[in-house]
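Before any comments, here is the structure.
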Amino acid sequence: MRGASRKWRVALALVLIVPLAGACKKKSGRPGEGGAGAAGLGEEGLGGSSLERSKRGLGPEEGGILGDVHFAYDSYELDGSARDVLARNVDWLRQNSRAKVELEGHCDSRGTIEYNLALGAKRAKSVKDYLSSQGIAADRVSTISYGKELPLCQEESEPCWARNRRVHSVVLGQ
Amino acid sequence: MKTLTMLLMVMVFLGRVPAANAVVTGAIFGPGSESFPIAVVPLKNAGGDADGSLGARFARVLSRDLDLSGYFRLLDPKTFIEDPQTSGTTAAEIDFVGWATLGAQALVKGTVNAAGDTVTVEVRLFDVPGRHDVPAASRRFTGSRSDLGRMANKTADGILEFLTGERGPFDSAIVFVSTRGGRLKEVYRFTFDTDDPVKVSDERSLVVTPRWRNDSRAVLFTSYREHIPRLFQLDLATRQATRLVGGPGQVLDGAWSPDGSKLLVTRDEGGNSDIYLFDSGGQMIRRLTDHWAIDVSPVWAPDGRRLAFCSARTGSPQIYIMNVDGSGLTRVSHTGSYNTSPAWSPKGDRIAYTTRASGGFQIVVGGVDGSGEQTITSMGSNENPSWAPDGRYLVFSSTRAGQHHLFLSDREGKSQKQLTRGSADDTSPAWSPRLE
């Protein structure tokens, strides 16, 4: 786990400079813009798996180099806006052909824990299948489900639920 | 003896015939009636408990158990007419008329003797109108000081057995997942003799779905300690957690068979979760489901031959049962579009699960064939029911008091009591078998 953490820290240097306070808001950074040269954060503010970040007290990250893909309630289908985000993610993955990515499936708070773990796995699989269909090699893409265990926000409201129903992409190195 | 025994026999009889709903002492006797007035007196010091702390603690634990059962109205100790430390503890010495005047139908008195670490408790249930003790619900225990709380729990279980024909569930433990240690999740153990649950895992990560081994000495849970979720078993005596089921894929949950020899495991490979049978050493025996839809949350029937689980194979998550050889798939839940986290009663006759209803989540209890379904909760969001070893009560998490806390209910939802408190989230409770 520690080795993986170091890889993620390497990725930090490549991430757009985004104020830490903005980590819980939608980011404007589009895939492809986070090129080398954006180094300098140096802090453990960005990147890393949602669990590693939570261990460090940072909480899960929203967006990042690759955009988050959102879902309807109890669904793992990719809608139009999900495909738009994924098209940009695919571009970035093509341009950064050595980058590997871990897809994290997340769910909102409504529903029971184990079912949401299974649902998160389905969501990550949907994204992996899409990337695969666009020619991104399967061995560059791993998946994990966090179910509803690591939410971005805690409010019981549709805007918060919608943010939490997502696949977050963690770039593991380039 | 006669008066209380006859009264209780009437109550037991009525309690077993729901349609009768007859009135005894002004209320229906059963969980939630809180109708049976009982006085629990601190144990009298018979040596070694000069400050009365052991005797008071015993009475506090016993009183809480009786209150949680929902059958009793505990009389306020401030109104007690006898000094616990100077009055007698035998029928010949007790002022039954005085206790009857207070409204007590039953009375618990006894003695405690402590010498070094050894504690001896003698406790008796008295029939106040009958002016007799009740030997069937009286106990004598010898153990260490740390056993005092369990002695009280066993006393409560015995009183419930005498009154209801069914032993109480309080000499047991509940494990659950909590954030009370910080931002991550660990397994905690709650017992009915303390207010503060004890942390038993040290994963420093996420843990999910703890479940008991049949001997109550080990707990199975899913942990993210190796990044990808795997199934671990935790020895409660040594606090050592060892991996039982690893890759390939993610392990979402697991459950020990009633005889401890096998495991039901949900494994997700490539985005498809299915249920597998493993031996207790972590070797796969066979795959039980093979469907592209979500299959998850397997739990054993008490006979060890069937399982209940959740599957979304019809497009929405529903509860199913099947035989452990993979045959006999039968859908149990028929109402609603979201039914998850089944729990099979240790008596075998009922299955509880979580249902989504009007935006919230509630606990349903119904027959194994899906008959007689009854929603037993209505306040807040309620999830992950687990049965008490007596099959009469359940524990589940509920947000009715803000955060997720553990609540206890009888299986008809008439008596609902909060078990854990605080600002952390307590979820995924699992109630142990009876302790040895």
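Each chain gets a letter, A, B and so on, in the order its sequence line appears, and its residues count up from 1.
- Taking CD of A:E149 as the start and CG of B:L184 as the end, the distance is 11.0 Å to the nearest 0.5 Å.
- A:E52 CD to B:Y224 OH: the interatomic distance, rounded to the nearest 0.5 Å, is 13.5 Å.
- Interface summary for chain B: among A:G59, A:G147, A:G57, the most heavy-atom pairs under 4.5 angstrom belong to A:G57.
- Residues A:Y73 and B:R356 are in side-chain contact: their nearest non-hydrogen atoms beyond the backbone lie under 4.5 Å apart.
- Interface check for chain A: of the options B:K185, B:R204, B:Q250, the most heavy-atom pairs under 4.5 Å are formed by B:Q250.
- Residues of residues 124-144 of chain A placed with any heavy atom under 4.5 Å of a heavy atom in chain B are listed by number as A:K125, A:T143, A:I144.
- Residues from residues 103-121 of chain A that place a non-hydrogen atom less than 4.5 Å from a non-hydrogen atom of chain B comprise A:S109, A:R110, A:G111, A:T112, A:I113, A:E114, A:Y115, A:N116, A:L117, A:A118, A:L119, A:A121, given in numerical order.
- There is no contact between B:D295 and chain A, counting heavy-atom distances below 4.5 Å.
- Other residues, nucleotides and ligands contribute more than 12 heavy atoms inside 6.0 Å of the CD atom of A:E158.
- Ranked by heavy-atom pairs under 4.5 Å with chain A, the list B:V208, B:V296, B:D253, B:D268 is led by B:V296.
- Proximity to chain A is limited to the side chain of B:T427, based on heavy atoms less than 4.5 angstrom apart.
- Looking at A:Y146, the atoms closer than 4.5 Å to chain B (heavy atoms on both sides) sit in the backbone and in the side chain alike.
- Among B:V177, B:D425, B:T354, B:N384, the residue making the largest number of heavy-atom pairs under 4.5 Å with chain A is B:N384.
- Per-residue heavy-atom pair counts under 4.5 Å with chain A were compared for B:C310, B:P317, B:S273, and the maximum is reached by B:P317.
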